[in-house]
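Below is one structure, written out as structure tokens; the observations come after it.
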There are 2 protein chains.
Amino acid sequence: MGVTKSEKFTNLQNDIAVLAKVLGHPARVAIIQHLFKINTCICGDLVDEIGLAQPTISQHLKELKNVGLIKGNIEGTSVCYCIDKDNWTKMKDLMTEFLDLDITFNCC
Amino acid sequence: MGVTKSEKFTNLQNDIAVLAKVLGHPARVAIIQHLFKINTCICGDLVDEIGLAQPTISQHLKELKNVGLIKGNIEGTSVCYCIDKDNWTKMKDLMTEFLDLDITFNCC
DNA sequence: ACCATTAATCGTAATATTGCAATAAATAAA
DNA sequence: TTTATTTATTGCAATATTACGATTAATGGT
């Protein structure tokens, strides 16, 4: 127990859940928002911006990278992170399709 | 540790994270999809539909109810669940606004 | 070569999540 | 009232997540 039974669900359901899950932490939401706001890529000042410890931010960045929402380029000693445009769009389409379920029905 | 430091983030960031988090499990995605598909409200056959134990489904329903995405009406011995139209729309708008961040920038 | 800077990784503690068996609660039907 | 049906709750085990100090790895500058 303690482990999600992914095999019970469709690929679509699992994909939506994985993407929603990674957005299910305010630090990761903040990282995404900041990456969009800065417009050009940033790196380690996310630590200053957000106020969590460097290993914690690094861990959140890793999770965002794992699902492909961001990518990081090494520039000298620092790493420049940015939104992965294509994957972000794919993710957005997937979520939007799910969220746009038809809502014209009578309820109990 | 082990606890999210919500005080470091804005209300908006926390709200988005809470909503995304509740959609971050395939069983809850499946429940939502099924509630939409059935069109009229259903109750305990979510257990048959999804294939997890009854207490497990009950727990997921509770979490969806806690954030207001669904509501349940008692009908005899069973409970009729359905999407909470207004809250679903509110959630959708919140998520859509977040997902629709402008993506016209140059990356690293 | 040495030191400074930056980010990733390791190790660990605290807490949360997932899942289910067992049980309880509540109503309907007999 | 007894029995069946349905859902919620309790209690617990297994695993996942969150956070951070300490350390490591990698590069740049001196």
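What separates CG of Asn66(A) from P of dT17(D) is a distance of 11 Å, to the nearest Å. Rounded to whole angstrom, the span from the CG atom of Leu61(A) across to the C1' atom of dT9(C) amounts to 14 Å. The CD1-C1' distance, from Ile74(B) to dA26(C), rounds to 9 Å in whole Å. If you measure from atom CD1 of Ile50(A) to atom C1' of dA19(D), you get 14 Å, rounded to the nearest angstrom. Taking atom NZ of residue Lys5(A) and atom C1' of nucleotide dT17(C), one finds them 15 Å apart after rounding to whole Å. Taking atom CG of Leu23(B) as the reference point, atom P of dT17(C) lies 14 Å away to the nearest angstrom. Across the protein-nucleic acid pair, Gln54(A) atom CD and dT24(D) atom P stand 15 Å apart, rounded to whole Å. Rounded to a whole Å, the CD1 atom of Ile31(A) is 12 Å from the P atom of dA7(C).
Looking at residues 9-20 of chain A, you'll see that no heavy atom sits under 4.0 Å from any atom of DNA chain D.
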Summary of protein contacts for nucleotides 10-16 of chain C, nucleotide by nucleotide, where a base hit scores B, a sugar-phosphate-only hit scores S (4.0 Å, heavy atoms): ---BBSS
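Nearest nucleotide to the side chain of Glu63(B), out of dT18(D), dC20(C), dT18(C): dT18(C). The Thr77(B) side chain lies nearest to dT27(C) when the options are dT27(D), dT18(C), dT27(C). Of the listed nucleotides (dA28(C), dC20(C), dC20(D)), dC20(C) has the atom at the smallest distance from the side chain of Ala53(B).
Val67(B) pairs in a side-chain contact (heavy atoms from CB on, under 4.5 Å) with only one of the listed residues (Val22(B), Asn87(B), Asp15(B)), which is Val22(B). Across Ile83(B), Asp93(B), Leu35(B), a single residue satisfies side-chain contact (heavy atoms from CB on, under 4.5 Å) together with Trp88(B), and that is Ile83(B).
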Steps toward side-chain contact (heavy atoms from CB on, under 4.5 Å) verdict (Leu12(B), Leu94(B)): CA-CA 9 Å; Leu12(B) 183 60; Leu94(B) 196 69; 3.4 Å; yes
Evaluation steps, side-chain hydrogen bond (donor to acceptor under 3.5 Å, both in side chains), between Glu75(B) and Ser78(B): CA-CA 5 Å; Glu75(B) 289 187 359; Ser78(B) 62; 5.4 Å; no
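If you find the closest nucleotide of DNA chain C to Asp45(A) and to Ser6(A), the one lying nearer the 5' end belongs to Asp45(A). Mapping Leu52(A) and Lys65(B) onto DNA chain D by nearest heavy atom places Lys65(B) at the nucleotide closer to the 5' end.
Here Thr56(A) reaches the OP1 or OP2 of dC20(D): one of its side-chain N or O atoms lies under 4.0 Å away. Side-chain N/O atoms of Ser58(A) include one lying less than 4.0 angstrom from OP1 or OP2 on dA8(C). Neither OP1 nor OP2 of dT6(C) sits under 4.0 Å from any side-chain N or O of Tyr81(A). Put simply, His60(A) has a side-chain N or O that comes within less than 4.0 Å of OP1 or OP2 on dA19(D).
Between His60(B) and His25(B), the ring planes lie tilted relative to each other; the angle falls in the 30° to 60° range.
Side-chain atoms of Leu64(B) and Ile32(B), non-hydrogen and from C-beta on, do get closer than 4.5 Å to each other. Using a 4.5 Å heavy-atom cutoff, the side chains of Val29(B) and Phe9(A) are not in contact. A 4.5 Å side-chain heavy-atom check between Thr96(A) and Thr96(B) finds every atom pair outside the cut-off. Side-chain contact between Ile70(B) and Cys82(B): absent, with no pair of heavy atoms (C-beta onward) separated by less than 4.5 Å.
Of all heavy-atom pairs spanning Leu23(B) and Met91(B), the tightest one is CD1-CE, 4.2 Å.
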